[in-house]
Number of protein chains: 2
Amino acid sequence: MIKTSNYHHGDLREKILQTSFELLDNEGIEAVGIRKIARTLDVAHSAPANHFKNKQALLTALATESFRYLVSKIEKDISKETGNLRLSIHSFSNTILKFGLKYPNRYKLLWRREYADDQDDELGAAMDDIYAALTAILCEHAKNKQVDVESQAIALWSLVHGYVLLRLDENLKEGNDEVTGIKRQVAIIDVLIDGIIE
Amino acid sequence: MIKTSNYHHGDLREKILQTSFELLDNEGIEAVGIRKIARTLDVAHSAPANHFKNKQALLTALATESFRYLVSKIEKDISKETGNLRLSIHSFSNTILKFGLKYPNRYKLLWRREYADDQDDELGAAMDDIYAALTAILCEHAKNKQVDVESQAIALWSLVHGYVLLRLDENLKEGNDEVTGIKRQVAIIDVLIDGIIE
DNA sequence: CTGTTTAAATTGACAGTGTCAATATATAGC
DNA sequence: GCTATATATTGACACTGTCAATTTAAACAG
């Protein structure tokens, strides 16, 4: 009986999540493995099973936590903008892009239903919140009634989502608009806004 | 010595690709496995190694072939539009969406650099071709010089890419614009075009 | 304090994976 | 017909996630 110290961490669940996020951030989604985590925490390979039914449950927890963080960040940042449509939209897209660039693998995990459990209610709710935040801005301010507000919301969401993913997968590099000199990610949102406003 | 028939298929490479696409389409990227393919083809578990160095090489081949197909489809469809900017753009986005909806897992594979080999030249070339096709349309017809043509191209590409992925991951459902009645995927492109034209 | 129940961690096994090395066999070229 | 060469085979290795049985620690009841 050499080691008794590792019995009952008390906070093994938290430590598993922490280690998972480190693996996710540093080595990618595929690198998040039950046994690898257990090894890192110097714990039996089957210990995590007490806290997460299986790998999918663990990934779902990672996705849910990431989603909640992103949603709260979006809402916080948007609340700083005082009712200006253009600024609100830029705030929304900027928050998402910043999150994606800081935590590429978390952002990717968010949207890959094959890893996380799509039946999970908390996960679904967090997703709806993002869309709701966006729709709220547009409903309040949008002046272009030639198309559905929902179409405008979906267009914006798609644009931001697509740009972030293209950046994360390194299909696009950072850059500036040659004409205006502003950052590319701002320029493309402006193109869309020009189609929304007035 | 019971079976001699399986020695030297002659076209094992092709059969591997075919089986891989079936697995990819029906069960997802994760389901594409060397041993599973070998079992399906009633061949030794290590036989595929003669044709694909490793799993990554196989996935790279799948991605490259899919990319080539998509690029050729885009170019073919666009060539039917006679110089009209709006129609050309709709053709571009429609071709991509159609491909994505028909082969969701192929579309996802295309952009996931962690599966395919990002050093692969053919793969990189096919990607550049898509972007080049789009830029070509805009350079020829775009009238809005308030922003870089490249910003317009990136905006369009991002919008289409984002919308397709949101649809494929089932974060968005099919739908129509409530005001105009046209399909959502057309409506959102129109929003962007309104920001590009004039 | 004691005995019992419950939660958490352990070990061990199982089937599966990708990859590599050594071997066997068939095809093609001289 | 002999020899290369390409292709397929078997077997092993180190992994993986998951499950069952077991052991240990903590919590609780009397």
Side-chain angles (χ1 to χ4, degrees), chain A residues 1-20 22-24 26-63 105 109 112-117 120, chain B residues 1-20 22-24 26-63 105 109 112-117 120:
Chain A
M1 197 112 331
I2 292 176
K3 57 166 179 176
T4 59
S5 64
N6 282 337
Y7 249 95
H8 268 254
H9 275 248
D11 59 344
L12 182 56
R13 197 195 136 94
E14 267 319 301
K15 290 199 171 175
I16 289 173
L17 282 174
Q18 191 185 317
T19 307
S20 300
E22 280 166 17
L23 282 171
L24 177 62
N26 299 327
E27 305 179 42
I29 299 178
E30 301 296 323
V32 180
I34 303 285
R35 288 180 107 108
K36 195 188 271 188
I37 293 166
R39 219 180 300 130
T40 305
L41 293 175
D42 195 30
V43 106
H45 65 263
S46 194
N50 290 300
H51 304 278
F52 299 96
K53 190 177 112 216
N54 51 29
K55 193 178 178 180
Q56 185 184 249
L58 173 58
L59 291 175
T60 303
L62 296 182
N105 297 322
L109 177 63
R112 300 201 181 165
R113 296 288 179 96
E114 62 263 37
Y115 292 120
D117 179 13
D120 191 278
Chain B
M1 196 112 327
I2 293 174
K3 56 166 179 176
T4 58
S5 64
N6 282 336
Y7 250 95
H8 267 256
H9 275 249
D11 58 345
L12 182 55
R13 196 194 137 96
E14 267 318 300
K15 291 200 169 174
I16 290 172
L17 283 174
Q18 191 184 317
T19 308
S20 300
E22 279 167 17
L23 281 172
L24 177 62
N26 299 327
E27 305 181 41
I29 299 179
E30 301 296 323
V32 180
I34 303 285
R35 288 179 107 106
K36 195 187 272 188
I37 293 166
R39 218 179 302 130
T40 306
L41 293 175
D42 196 31
V43 104
H45 65 263
S46 194
N50 289 300
H51 304 278
F52 300 96
K53 190 177 112 215
N54 51 30
K55 192 178 178 178
Q56 185 184 251
L58 173 58
L59 292 175
T60 304
L62 296 182
N105 297 322
L109 177 63
R112 300 202 181 164
R113 297 289 179 96
E114 64 264 37
Y115 292 120
D117 179 11
D120 191 277

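Naming: A, B, ... by sequence-line order, numbering from 1 per chain.
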#### Entry: Residue pair A:E30, B:K55: steps toward the salt bridge (Lys or Arg N to Asp or Glu O under 4.0 Å) verdict
CA-CA 14 Å; A:E30 301 296 323; B:K55 192 178 178 178; over 6 Å; no
### Query
For B:V43 and B:K15, what are the C-alpha separation, side-chain angles and deciding distance, and is it a side chain to side chain contact (heavy atoms under 4.5 Å, CB included)?
CA-CA 11 Å; B:V43 104; B:K15 291 200 169 174; over 6 Å; no
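B:N54 comes within 4.0 angstrom of sugar-phosphate atoms only, judged by non-hydrogen atoms across all strands, and of no base.
Look at CG on A:L12: it is 14 Å from C1' on D:dA25, rounded to the nearest Å. The distance between atom CD1 of B:I37 and atom P of C:dG16, rounded to the nearest whole Å, is 17 Å. Between the C1' atom of C:dG18 and the CD atom of A:E30 lies a distance of 13 Å, rounded to the nearest Å. Across the protein-nucleic acid pair, B:I34 atom CD1 and D:dA8 atom P stand 14 Å apart, rounded to whole Å. A straight line from CD of B:E14 to C1' of D:dT7 spans 16 Å, rounded to a whole angstrom. A:R13 has its CZ atom 15 Å from the C1' atom of C:dA7, to the nearest Å. Separating the CD atom of A:Q56 from the P atom of D:dC19 is a distance of 12 Å, rounded to the nearest angstrom. Summarising the geometry, the separation between NZ on A:K15 and P on C:dA8 is reported as 15 Å, rounded to the nearest angstrom.
Mapping A:R39 and B:P48 onto DNA chain D by nearest heavy atom places B:P48 at the nucleotide closer to the 5' end. Ranked by how close their nearest DNA chain C nucleotide is to the 5' end, A:R35 and A:A47 are led by A:A47.
Residue A:S46 places its side chain closer to C:dT10 than to any other of C:dT17, C:dA21, C:dT10. Of the listed nucleotides (C:dT19, C:dA9, C:dT11), C:dT11 has the atom at the smallest distance from the side chain of A:H45. When distances are taken from the side chain of A:V43 to each of C:dA21, C:dG18, C:dA9, the shortest belongs to C:dA9.
Of the inter-residue distances, the one linking B:L58 atom CG with B:R13 atom CZ reads 9.0 Å to the nearest 0.5 angstrom.
At the phosphate of C:dA9, OP1 or OP2 sits under 4.0 Å from a side-chain N or O atom of A:H51.
Residues B:F52 and B:L17 meet the side-chain proximity criterion, which asks for heavy atoms closer than 4.5 Å.
Across all non-hydrogen atoms, the minimal contact from B:Y115 to B:Q56 is O-CG, 3.1 Å.
Side-chain to base pairing of B:N50 with D:dA8: one donor and one acceptor N or O lie within less than 3.5 Å of each other.
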